Amino acid sequence: MEKQSLTYYLQDLQNKYPKEILHIEKPIERDFVFQALGWELDKQANPPVLCARVENYEDIPVVGNLFASRQRISYILGQSRQISRYWQYLERHPIPAIITSSGPVQEEFTTRQINMDFLPLMQAYPTDAARYIPAAIVVIKNPQTGAHSLSLHRLQFKNANTLGINVHMRPHLFYAFEQARQKGENLPATIIVGCHPALMLAAAAQPGLKQNAYDIAGAILQEPLRLLKGRTVDIDYPAEAEVALEGYISTREQEPEGAFAQLTGFADFRSMQSPFHCTGLAHRHKPIYHITLPGRSKDQLNLGHMLCETAMLARLQEKIPWVNDLSYPISGGEMQAYIQMKPAPAGMAKAAINMLMGLDPSIKLAVAVDMDIDIRREEEVLRAVATRVRYGVDSFLVHNAFSTSFDPISQQYTVTKCGIDATLSEKARKDIILCRPAGKDMAKAKMILSQYNR
């Protein structure tokens, strides 16, 4: 068993943290039930990984909820603290991937009678248009640099060898798609279904166009990621993946795609309606089918949030060093963010808010708070808003700002955004006395409570 496989990760997790995995013994119905299980588990602070088997597909286990716990994401990265700084280190110290001659993902390979329905593809919600792969890795190759670009996409099952995809949701893929369309060509791509979660994190991070996402995955794994060359397309993919679908995204066709449950909790009908045609199907003899639970699930949100926080924080701090930390709360989907600021010159918090909205178009509410506010405890952020904001002075609107199709009330991809500066002014910091225990007393309290495992 290889360290770079999903099986290795799951067995290592089982050995070290057995309570982190929940095995459902009796096979479940194909549609709706797995998602409902995820919803129930989301009521827990740290939902476990969910493992189940589906009726009529018993040979292929289904695994979800890998990212529903931030603690597990920290475990994948091998870093429990300072995740943002550590991710910046990983991006600065990539480990180049290598090509190998063979790997389990090509144990079975066919270009004839391709049938993707051998996987237990499920419909998660009654409002979904069909069965979906909720979030697979789509790999394309930059024709100028040769770098592989990875991004996460929903994929609607159409027929045995065709999936529907919305390419607009990720800028790198959309850019490459537009270039191919203008040339009158289709866009070669490979879809990875099931892999070590390090690769999912690298795909969610969306590094620069010239940076190879495979090398970021190697940095997380602390060894070169082993790749196999595609047999029907010039795209490499991980040797230890579970399933790889070689093919192309058509720039000439449009087929209905959606509705699909998005992270806002609403059904999303917006799509570029592009089909993906599979030209080569590779998979292990007995693959694991991994999904991220769609909709407003912790599995979906945590995967995007931790990497968004890291990427955006690094860029904010490059220009505004008074920015200390950044948080995307579960409550806001990907459309809300809290910025923690060191004492800064007047107007600097508003500058940070505006910059964040420009860097991440999905953000439509951003709140800046002081260092005494824990931005990962939403009640503290709301307390700062309630006690430190003069509405109309410390709050402002940005009309007709560019957004994403995720926002159900956006019009032509624009929406009105709101910024709130909930930091205290220099005068207020002198006039207002904050009541809180001293640091030494808090340390004593923690020591006492630690004796009671609290």
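Here the structure is a predicted model, which means the values were calculated and not measured. Heavy atoms only: backbone and side chains are in, while hydrogens, waters and symmetry mates are out.
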After noting the C-alpha distance and the side-chain angles of L163 and L245, does the key distance pass the side chain to side chain contact (heavy atoms under 4.5 Å, CB included) rule?
CA-CA 10 Å; L163 299 169; L245 311 173; 3.8 Å; yes
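- The local environment of CD in Q222 is sparse, with at most 12 non-hydrogen atoms from other residues, nucleotides or ligands closer than 6.0 Å.
- When the shell of 6.0 Å around CD of E29 is examined, it contains 12 or fewer heavy atoms from other residues, nucleotides or ligands.
- Under a 3.5 Å cut-off, the side chain of K417 and the backbone N or O of P361 do form a donor-acceptor pair.
- A donor atom on one side chain and an acceptor atom on the other are found under 3.5 Å apart for E378 and Y338.
- Interatomic distance, CD1 of I320 versus CD1 of I339, reported as 8.0 Å (0.5 Å rounding).
- The closest side-chain donor-acceptor pair between E20 and Q71, if any, does not fall under 3.5 angstrom.
- Remark: side-chain polar atoms of Q340 are paired, donor with acceptor, to backbone N or O of I373 under 3.5 angstrom.
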Apply side chain to side chain contact (heavy atoms under 4.5 Å, CB included) to Y9 and L66, showing your working.
CA-CA 10 Å; Y9 167 77; L66 288 185; 3.8 Å; yes
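- Side chain of R181 to backbone of T251: no donor-acceptor contact under 3.5 angstrom is found.
- Between the side chain of R284 and the backbone N or O of A241 there is at least one donor-acceptor pair closer than 3.5 Å.
- Aromatic ring pairs are classed by plane angle as parallel below 30°, tilted from 30° to 60° and perpendicular above 60°; the pair Y214 and H148 is tilted.
- In summary, the side chains of Y328 and D360 do present a donor paired with an acceptor at a separation below 3.5 Å, with no hydrogens or angles considered.
- Under the 3.5 Å distance criterion, the side-chain polar atoms of E242 are left unmatched by any main-chain donor or acceptor of P287.
- Of the inter-residue distances, the one linking L365 atom CG with Q336 atom CD reads 4.5 Å to the nearest 0.5 angstrom.
- Surrounding CG of D234 are at most 12 heavy atoms belonging to other residues, nucleotides or ligands under 6.0 Å away.
- Side chains of P104 and E240 form a contact here, defined as non-hydrogen atoms less than 4.5 Å apart.
- Atom CZ of R92 is separated from atom CG of L90 by 9.5 Å, given to the nearest 0.5 angstrom.
- In this structure, V62 and M122 have side chains that are in contact, with non-hydrogen atoms separated by less than 4.5 Å.
- The environment of CD in Q182 is crowded: more than 12 heavy-atom neighbours from other residues, nucleotides or ligands sit within 6.0 Å.
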S297 vs D42, side chain to side chain contact (heavy atoms under 4.5 Å, CB included): CA-CA, chis, key distance, verdict
CA-CA 7 Å; S297 71; D42 262 7; 3.8 Å; yes
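- N15 places a side-chain N or O within donor-acceptor distance of the main-chain N or O of Q11, the cut-off being under 3.5 Å.
- When ring centroids are compared, Y75 and Y17 come within the 6.0 Å threshold.
- A salt bridge links R70 with E309: at least one charged nitrogen is closer than 4.0 Å to a carboxylate oxygen.
- Distance check, rounded to the nearest 0.5 Å: CG of L155 to CD of E257 gives 8.5 Å.
- One side chain, E246 or T232, offers a donor N or O that lies under 3.5 Å from an acceptor on the other.
- By the 4.5 Å heavy-atom criterion applied to side chains, V193 and M116 are not counted as neighbours.
- The number of heavy atoms from other shown groups lying within 6.0 Å of OH (Y89) does not exceed 12.
- Checking side-chain atoms of R376 against main-chain N and O of L326 turns up a donor-acceptor pair under 3.5 Å.
- To the nearest 0.5 Å, atom CE of residue M335 and atom OG of residue S403 are 7.5 Å apart.
- In this structure, the separation between CD on Q156 and CD on Q273 is 9.5 Å, given to the nearest 0.5 Å.
- Side-chain atoms of N159 come within 3.5 Å of backbone N or O of N161 as a donor-acceptor pair.
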